[in-house]
Amino acid sequence: KIAAHHTKAAPDKPEEEEPLNFLIFPEGTLVSKLTVPPSRKYADKMNLKHPNHTLLPRSTGLHHSLLALSQIPSLYLMDVTVAYPGIPAGGYGQSYYTLRSIFMDGIPPPEIVYHIRLYNVQDEVPLRADKSHQANGSMTLEERKAAALETSKRPESLQISEEDKKVFDTWLRERWMEKDQWLDQWLQRGGAGALRKGGKIKELVIPVQLRGLWETIGPFFACAPIAVAAYTCSNVVRKYFGQ
């Protein structure tokens with residue numbers, strides 16, 4: 001339905017008239033001492049190599065999403081890798097940098113490193129084992145509209161075969177092993193600066209700082225409803241059940 005709506009947004013180049021950004025985490029959660037063991041257990045069960053610095057990605061949600069959106073013109077997959085300086089190999093970010101450390105103790109990460117790369121979904125991402133989805137690249141806008149509308153009415157057309165899943169899953173794991181290798185090399189270089197250097201890679205440094213006191217205390221207001229609820233419940237208990 002998103003693809004069908006998006007291709008109807010404007011007569012020409014709808015993606016420029018109504019930009020679409022869709023965020024998804026193939027790992028499903030943060031890397032931590034609680035999430036790494038289940039990820040490694042799954043890797044052992046499936047006889048897969050597990051990365052040292054990330055979790056094993058799960059491909060199903062991303063695969064279905066990209067396939068459903070594949071009729072959108074100029075659809076790109078933006079792959080983002082995040083690294084935090086000051087964390088040793090085997091360490092976990094949330095163990096070092098927390099709301100308390102950042103806003104109360106004044107110990108934030110010295111910088112946050114993002115490595116971003118783009119993939120043209122039609123040309124570079126294997127959604128189908130037979131590469132049939134790549135034929136969509138030569139479709140006209142009107143043909144894309146018709147295909148997107150038809151897909152929205154017939155979701156069964158988005159069924160993924162075992163071979164499709166195997167091909168896409170392998171491709172995604174290879175990207176994650178690349179990330180793992182980059183993180184390993186970055187840590188060996190001292191764990192600071194850009195994740196990768198050289199070639200066609202462009203490095204951009206953006207200074208970030210708090211704009212005022214409100215940004216320091218604002219995050220803690222998220223806990224205010226819990227505090228009010230706890231206070232109310234405490235009063236009710238004392239009133240009806242005594243001290």
Side-chain angles (χ1 to χ4, degrees), residues 21-67 77-119 121 124-127 160 162-197 201 203 208 219-220 222-223 226:
N21 295 289
F22 182 75
L23 182 65
I24 190 169
F25 294 87
E27 292 170 293
T29 185
L30 298 174
V31 182
S32 73
K33 63 181 180 180
L34 297 178
T35 60
V36 169
S39 182
R40 289 191 178 276
K41 183 177 180 180
Y42 177 79
D44 292 340
K45 177 183 176 181
M46 304 303 293
N47 195 27
L48 301 172
K49 183 179 180 181
H50 194 279
N52 295 319
H53 307 291
T54 70
L55 301 178
L56 198 68
R58 303 298 179 91
S59 64
T60 304
L62 178 61
H63 196 178
H64 277 282
S65 299
L66 290 177
L67 195 59
L77 172 63
M78 178 182 287
D79 175 25
V80 181
T81 306
V82 185
Y84 299 92
I87 301 174
Y92 306 116
Q94 63 268 40
S95 301
Y96 289 80
Y97 303 121
T98 63
L99 284 176
R100 178 184 176 86
S101 76
I102 295 172
F103 292 102
M104 297 183 68
D105 300 332
I107 306 176
E111 62 180 359
I112 301 176
V113 180
Y114 294 93
H115 182 270
I116 302 172
R117 53 182 175 176
L118 288 177
Y119 294 98
V121 174
E124 301 177 275
V125 182
L127 300 181
I160 296 174
E162 285 301 316
E163 191 62 26
D164 293 338
K165 177 176 173 56
K166 180 180 178 181
V167 169
F168 182 79
D169 194 52
T170 299
W171 179 85
L172 188 64
R173 285 202 314 274
E174 288 174 350
R175 303 291 75 74
W176 247 249
M177 295 310 295
E178 286 177 347
K179 292 170 180 279
D180 197 60
Q181 183 180 20
W182 298 339
L183 288 166
D184 193 58
Q185 294 170 348
W186 180 72
L187 287 168
Q188 291 178 14
R189 295 197 304 268
L195 192 65
R196 299 178 66 206
K197 292 180 178 290
I201 298 174
E203 186 174 348
V208 178
F220 295 95
C223 300
I226 298 176

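Comment: E163 does not engage K166 in a salt bridge, judged by the lack of any side-chain N to carboxylate O separation of less than 4.0 angstrom. Using a cutoff of 4.0 Å between basic side-chain nitrogens and carboxylate oxygens, R196 and E178 are not scored as salt-bridged. Between D169 and R173 there is a salt bridge, since a side-chain N of the basic residue sits under 4.0 Å from a carboxylate O of the acidic one.
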Evaluation steps, side-chain contact (heavy atoms from CB on, under 4.5 Å), between K45 and K41: CA-CA 6 Å; K45 177 183 176 181; K41 183 177 180 180; 5.8 Å; no
Decide side-chain contact (heavy atoms from CB on, under 4.5 Å) for F168 and L66; before the verdict, give the C-alpha distance in whole Å, the side-chain angles of both, and the deciding distance to 0.1 Å. CA-CA 11 Å; F168 182 79; L66 290 177; 4.2 Å; yes
Stepwise side-chain contact (heavy atoms from CB on, under 4.5 Å) check, V125 with W171: CA-CA 8 Å; V125 182; W171 179 85; 4.0 Å; yes
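Relative ring orientation between Y97 and Y84 is described as tilted, the plane-to-plane angle lying within the 30° to 60° band.
Judged by distance alone, with hydrogens and angles left aside, the side-chain atoms of S39 form no donor-acceptor pair with the main-chain N or O of T35 at under 3.5 Å. Under a 3.5 Å cut-off, the side chain of E124 and the backbone N or O of Y119 do not form any donor-acceptor pair. Remark: side-chain polar atoms of W186 are paired, donor with acceptor, to backbone N or O of G193 under 3.5 angstrom. Looking only at distances, no side-chain donor or acceptor of H115 sits under 3.5 Å from a matching main-chain atom of A194. Checked by atom type and distance alone, the side chain of D79 never pairs as donor or acceptor with a backbone atom of R117 at under 3.5 Å.
Between atom CZ of residue R40 and atom CG of residue N52 there is a gap of 6.0 Å, rounded to the nearest 0.5 Å. Summarising the geometry, atom OG1 belonging to T81 is positioned 7.5 Å from atom CH2 belonging to W176; distances are rounded to the nearest 0.5 Å. Taking NE2 of H63 as the start and CD1 of I24 as the end, the distance is 12.0 Å to the nearest 0.5 Å. Distance check, rounded to the nearest 0.5 Å: CG of L127 to CG of D164 gives 9.0 Å. Between the CG atom in L77 and the CG atom in L62 there is a gap of 6.0 Å [rounded to 0.5 Å]. Rounding to the nearest 0.5 Å places CG of L56 at 9.0 Å from CD of E27.
Smallest separation of non-hydrogen atoms from L183 and A83: CD2-CB, 3.9 Å. Residues G91 and Y96 approach most closely at CA-CE1, 4.4 Å, considering heavy atoms. When every heavy atom of Y92 is checked against every heavy atom of V31, the shortest pair comes out as CD2-O, 3.6 Å. For the pair D184 and H53, the tightest heavy-atom approach, listed with the atom from each and the gap, is OD1-NE2, 3.4 Å. The two atoms that bring G93 and I87 nearest to each other are CA-CD1, 3.3 Å, heavy atoms only.
Checking K179 against T54 by side-chain atom types alone, no donor-acceptor pair falls below 3.5 Å.
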